[in-house]
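Report on the structure given below.
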Amino acid sequence: MHGMDLRYSPAAERFRREIRRWLEESVPAKRRRPRFWIDRDGSEESLELRRRWEKDRFDNGFAGVDWPAEFGGRGADHEIRAVHDEEMARARAPIGPFLGLTYLGTALLGPTLLRYGSDAQKRTILPRILSGETIWCQGFSEPESGSDLAGLSTTARRDGDVLVVSGQKTWTSLARHADAMFALVRTDPQAARRRGITFLLIDLTLPGVHVRPIRQMSGSYEFGEEFFDGVRVPVDGNVVGRIDDGWAVARYLLSVERNASPISQYVEFGHELDDVIAAARHTWKDGLPAIEHPQIRTRIARCRADLELLRVRGYDAMTRTARGQDLGADASVTKLLWSRTRLAIADLGADILGVDGQLSTEPDGRHHDRLSAESDGGHLGHLRWRHLHVRGQRIAGGTAQIQRTIIARDLLDLPR
Ligand SMILES: Cc1cc2nc3c(=O)[nH]c(=O)nc-3n(C[C@H](O)[C@H](O)[C@H](O)COP(=O)(O)OP(=O)(O)OC[C@H]3O[C@@H](n4cnc5c(N)ncnc54)[C@H](O)[C@@H]3O)c2cc1C
């Protein structure tokens with residue numbers, strides 16, 4: 001019987017050595033500590049370090065490894081991309097939706113422009129995504145429309161060669177640092193809900209844009225909401241696809257988003273599980289060291305198994321994407337799996353630390369510090385911080401309920 005061969009090609013392994021060497025220098029040991037970025041959350045120092053790191057990454061040829069070279073990428077294949085994702089996460093580099101300043105550009109907007117953008121858009125926008133020159137955020141959700149995205153009401157009225165945007169977006173990741181937003185706006189209020197929506201690129205420095213930060217319960221600051229008051233956006237160069245025809249573009253982007261990057265998640269969440277296991281070695285549960293408690297051991301094993309599943313799905317998705325296939329509704333299964341697994345790991349950490357975890361300042365829960373009324377996320381132990389922070393993962397990119405509906409309808413063909 002033949003098994004599957006999950007080994008990488010020699011070229012991919014050569015690339016692994018190359019990127020590892022660069023990461024050893026560019027992500028020093030102290031920045032790999034779980035608390036490093038949490039302690040600096042919302043600070044200028046954090047922003048500046050991450051900005052410089054993105055530029056350095058681009059200059060060294062490690063940004064957009066699988067994007068065409070003509071747009072600033074490296075033109076590498078999907079195996080090299082997989083190795084890249086693994087190594088970035090292994091080095092605890094500041095990537096992903098929370099720390100990665102270029103994440104929304106590289107993970108979401110880039111692939112969408114590669115498929116739907118004009119040549120001019122690809123030439124001008126893609127290299128600036130990779131170099132970190134333009135930091136992008138995603139303006140889909142509104143106060144009255146999240147799950148029901150097609151109900152969005154931010155309007156863009158045509159006035160000669162500009163679209164005049166008015167309305168509000170909310171729950172915007174990276175809003176504090178973004179220079180520009182890819183947004184969905186309603187260009188034809190009379191049309192059926194899914195028609196008359198346009199995928200629009202908005203420069204957030206234009207007059208009439210106001211950005212307000214939203215603080216999350218973990219204490220994190222990078223979220224925000226934006227108000228548009230008659231913002232004049234030139235049509236030329238800023239509409240992706242055609243006016244009134246943005247729904248297909250949005251659907252494609254959402255599928256890319258839900259698939260995210262299961263390979264780097266596999267490594268990153270694996271670190272989080274390792275942290276939880278470390279805590280279990282120093283904590284008692286029902287008179288036993290937590291690591292010997294049968295229920296805890298079962299939950300650890302379950303998380304590990306789900307992570308392996310995530311890895312295999314990641315390889316599968318990467319292969320299919322490289323063959324030009326659209327993941328469509330299948331991405332919803334991945335989204336459910338990664339959000340559920342990450343939450344299970346965080347919940348396990350919280351259960352191991354118990355009530356003490358709420359007072360803990362140290363990752364292993366050995367030292368306890370009573371939280372004062374004025375203390376914030378910066379003083380919480382990182383397991384505790386994570387427990388609060390990852391709650392939103394069930395919601396971001398479409399809630400678990402919505403993913404289940406998509407799976408039931410589009411994959412299982414269940415009756416409605
Ligand atoms: C960490 C995080 C980051 C985010 N980043 C961004 C971002 O960068 N850009 C952006 O545009 N948005 C972002 N969002 C917003 C996110 O996309 C929305 O919060 C999400 O789509 C849910 O919409 P809502 O908050 O309006 O909730 P609602 O749609 O009001 O849903 C409320 C509850 O009702 C349930 N529900 C709603 N409709 C149905 C249905 N038909 N069937 C069954 N259950 C249903 C939902 O599952 C949920 O439990 C982010 C959210 C989080 C938490």
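Start at 1 and go down the list; that is how both ligands and their atoms are numbered.
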Ion pair present between [X] and [Y], side-chain N to carboxylate O less than 4.0 angstrom?
X: Arg92; Y: Glu87; answer: no
X: Arg123; Y: Asp119; answer: no
X: Arg342; Y: Glu268; answer: yes
X: Asp203; Y: Arg232; answer: no
X: Arg115; Y: Asp326; answer: yes

Atoms of ligand 1 close to Gly392 [distance to a heavy atom under 4.0 angstrom, numbered from 1]: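 The atoms of ligand 1 under 4.0 Å from a heavy atom of Gly392 are 53 (C).
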Phe140 neighbourhood, listing ligand 1 atoms whose heavy-atom distance to it stays under 4.0 Å: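 Matching atoms, with element in brackets: 11 (O).
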Does the N or O separation between [X] and ligand 1 drop below 3.5 Å for any pair?
X: Thr405; result: no
X: Ser145; result: no
X: Ala396; result: no
X: Glu142; result: no
X: Gln216; result: no

Taking every non-hydrogen atom, the tightest pair across Pro94 and Glu54: O-OE2, 4.3 Å
Heavy atom of the protein closest to [atom] (residue, atom name, distance):
atom: atom 12 (N) of ligand 1; value: Ser141 OG, 2.8 Å
atom: atom 45 (C) of ligand 1; value: Ile402 CD1, 4.3 Å
atom: atom 36 (N) of ligand 1; value: Ser147 OG, 4.2 Å
atom: atom 21 (O) of ligand 1; value: Gly146 C, 3.7 Å
atom: atom 47 (O) of ligand 1; value: Thr399 OG1, 2.6 Å

Does [atom] have any protein heavy atom closer than 4.0 Å?
atom: atom 52 (C) of ligand 1; value: yes
atom: atom 34 (O) of ligand 1; value: no
atom: atom 25 (O) of ligand 1; value: yes

CZ/Arg20: more than 12 non-hydrogen atoms of other groups inside 6.0 Å: yes
Geometric class of the Phe269/Trp338 ring pair [parallel <30°, tilted 30-60°, perpendicular >60°]: tilted
Output field: ring centroids Trp385/Phe98 closer than 6.0 Å: yes
To which of [options] does the heavy atom nearest [atom] belong?
atom: atom 1 (C) of ligand 1; options: Trp136, Trp171, Phe182, Phe223; result: Phe223
atom: atom 20 (C) of ligand 1; options: Leu108, Ile395, Asp148; result: Ile395
atom: atom 10 (C) of ligand 1; options: Met181, Gln138, Gln403, His389; result: Gln138

Option from Glu225, Glu144, Glu226 for which side chain to side chain donor-acceptor pair (under 3.5 Å) with Gln168 holds: Glu225
Region of Leu149 engaging ligand 1 - heavy atom pairs below 4.0 Å: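 Near ligand 1, Leu149 shows nothing, with every heavy atom at 4.0 Å or more.
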Check against salt bridge (charged side-chain N to carboxylate O under 4.0 Å, His left out), Arg21 and Glu24: CA-CA 5 Å; Arg21 257 198 313 278; Glu24 265 157 31; over 6 Å; no
